[in-house]
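Reviewing the structure listed below.
All heavy atoms count here, side chains included; hydrogens, waters and symmetry mates do not. Note on naming: letters A, B, ... go to the chains in the order of the sequence lines (proteins, then strands), and numbering restarts at 1 for each one.
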Number of protein chains: 2
Amino acid sequence: MAASLRKAGIRVTKQRIALMQVLAEADDHPDAFELHERARAVEPSVSLATVYRTLSTLEEGGVVHRHSFEGGGARFETTHEEHHDHILDIDSGAVIEFQSDKIEELQEAIARELGYEVVHHRLELYCRKIP
Amino acid sequence: MAASLRKAGIRVTKQRIALMQVLAEADDHPDAFELHERARAVEPSVSLATVYRTLSTLEEGGVVHRHSFEGGGARFETTHEEHHDHILDIDSGAVIEFQSDKIEELQEAIARELGYEVVHHRLELYCRKIP
DNA sequence: TTTTTTGCAAACGCTTTGCAATGCT
DNA sequence: AGCATTGCAAAGCGTTTGCAAAAAA
């Protein structure tokens with residue numbers, strides 16, 4: 001944990017280590033408040049302000065991704081290799097990841113046709129379970 | 001304008017008429033602040049609070065759509081027949097609409113495969129002009 | 001020792017809301 | 001008359017920031 005911070009040129013503090021640990025263990029796209037709760041359980045000295053500051057730092061460093069789903073504040077996940085989009089279960093709040101090369105290609109084709117190149121995109125499917 | 005409000009079961013006030021007029025003329029997805037400016041030019045008695053309240057009312061009535069693009073507040077457009085998604089020009093801030101049946105189908109296929117049906121979705125391409 | 005990071009509390013930007021006054025039907 | 005809608009100012013919410021103290025390099 002400390003090593004990977006050092007490698008990214010980010011100073012190692014106990015607050016950052018706690019947050020990274022919590023992020024590494026999370027698989028549910030928590031928000032800043034939730035991350036603060038979890039980080040405090042590991043290292044009580046972590047403040048919410050530091051959670052926000054560290055998340056921004058980690059985002060700049062490409063370590064985490066920030067998502068702004070509908071309703072509520074931003075939610076975070078540690079960056080993983082493959083790009084993916086999200087399905088959001090309207091009823092349970094669950095977040096499911098998916099990936100579609102075809103959709104990616106279509107997006108690029110559409111943009112290109114209009115004289116644009118896609119820098120990044122956002123695709124979210126707000127769904128309900130089929131009974 | 002007044003008639004279409006009445007038809008939707010919404011009381012007719014000069015503030016609402018002003019806002020609807022401004023919305024009808026807009027083709028640039030303005031935010032609440034911008035709509036307030038424009039509506040005030042038509043009817044000076046419109047307050048920002050009423051703009052927000054009326055936008056919510058119109059949204060519930062299906063008359064306008066609210067979008068939460070990256071950065072800044074919500075932006076609005078009058079609902080038009082065909083569903084569409086958006087390209088956002090990162091440099092100019094311009095919003096371009098596009099529509100792709102293929103992408104829609106793929107989204108539904110992906111959701112279905114995971115046991116979900118798509119209630120609504122969000123697809124935004126943040127783009128830069130190709131030189 | 002120098003520079004960065006921290007917690008705290010205050011400020012921020014956008015949006016919503018309580019209230020008494022006003023306006024619609 | 002009766003009830004919805006208004007403007008205003010205050011509050012709400014998630015997020016950011018100024019500052020002096022603490023900690024990392």
Side-chain angles (χ1 to χ4, degrees), chain A residues 1-22 29-61 63-76 93, chain B residues 1-22 29-61 63-76 93:
Chain A
M1 218 91 266
S4 85
L5 279 174
R6 245 181 281 270
K7 200 172 66 176
I10 299 171
R11 279 203 190 188
V12 180
T13 67
K14 53 185 189 288
Q15 291 87 350
R16 286 176 178 168
I17 289 180
L19 183 57
M20 289 203 63
Q21 194 173 313
V22 157
H29 302 72
D31 63 13
F33 180 85
E34 179 64 30
L35 287 167
H36 180 218
E37 300 265 282
R38 297 184 197 177
R40 258 198 311 190
V42 175
E43 171 51 59
S45 74
V46 183
S47 74
L48 183 54
T50 290
V51 169
Y52 277 110
R53 281 189 282 233
T54 304
L55 285 169
S56 294
T57 303
L58 295 177
E59 191 189 12
E60 277 170 37
V63 181
V64 306
H65 273 134
R66 176 190 306 255
H67 300 293
S68 296
F69 301 134
E70 288 183 357
R75 299 171 64 169
F76 301 84
Chain B
M1 218 91 266
S4 83
L5 278 174
R6 246 181 280 270
K7 201 172 65 175
I10 299 171
R11 281 206 190 185
V12 179
T13 66
K14 54 185 189 289
Q15 292 87 350
R16 286 175 178 170
I17 290 182
L19 183 56
M20 289 202 63
Q21 194 172 313
V22 157
H29 303 72
D31 64 12
F33 181 85
E34 180 63 29
L35 287 167
H36 181 218
E37 300 264 282
R38 297 184 197 177
R40 260 198 310 190
V42 175
E43 170 50 61
S45 75
V46 185
S47 73
L48 183 55
T50 289
V51 169
Y52 276 110
R53 280 189 284 233
T54 304
L55 285 169
S56 293
T57 303
L58 295 177
E59 190 188 12
E60 277 170 35
V63 182
V64 306
H65 273 133
R66 178 191 304 257
H67 300 291
S68 297
F69 301 134
E70 288 182 356
R75 299 172 64 169
F76 301 83

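In this structure, A:I17 atom CD1 and D:dA23 atom C1' are separated by 13 Å, rounded to whole Å. One can place CD of A:Q15 at 11 Å from C1' of D:dA24, the figure rounded to the nearest angstrom. Between B:L35 atom CG and C:dT15 atom P the separation is 11 Å, expressed in whole Å. As a whole-Å value, the separation of A:L48 CG from D:dT15 C1' is 8 Å. Here C:dT16 presents its C1' atom at 18 Å from CZ of B:F33, a figure rounded to the nearest Å. One atom, CG of B:L5, and another, P of C:dC24, lie 13 Å apart when rounded to the nearest Å. Residue A:Y52 contributes atom OH, which lies 16 Å from atom P of C:dC8 at whole-angstrom precision. As rounded to whole Å, 15 Å separates atom C1' of D:dA25 from atom NZ of A:K14.
Considering all non-hydrogen atoms of both residues, B:A39 and B:A18 come closest at O-CB, 4.2 Å. Contact record, B:P30 with B:R38: CG-NH1, 3.8 Å, taken as the closest heavy-atom pair.
Between the side chain of A:S4 and the backbone N or O of A:M1, at least one donor-acceptor pair lies under 3.5 Å.
No donor-acceptor contact under 3.5 Å links the side chain of B:R11 to the base of D:dA4.
Heavy-atom contacts from other residues, nucleotides or ligands closer than 6.0 Å to NE2 of B:H67 number more than 12.
Each of B:R6 and B:A32 has a nearest nucleotide on DNA chain C; the 5'-most of these lies closest to B:A32. Heavy-atom distances to DNA chain C give each of B:V12 and B:D31 a nearest nucleotide, and the one nearer the 5′ end belongs to B:D31.
Between A:T13 and C:dT6, a side-chain N or O to OP1/OP2 separation shorter than 4.0 Å is present.
From B:R53, atom CZ reaches atom OG1 of B:T50 across 4.5 Å, with rounding to the nearest 0.5 Å. Interatomic distance, B:Y52 OH to B:L19 CG, rounded to the nearest 0.5 Å: 12.0 Å.
Residue contacts shown for B:R53 include a base, since a base heavy atom lies under 4.0 Å away.
Residues that satisfy the salt bridge (Lys or Arg N to Asp or Glu O under 4.0 Å) test with A:R66, not counting sequence neighbours, are A:E59.
For DNA chain D, the residues of residues 66-76 of chain A within the heavy-atom distance limit of 4.0 Å (strictly under) are A:G73, A:A74, sorted by number.
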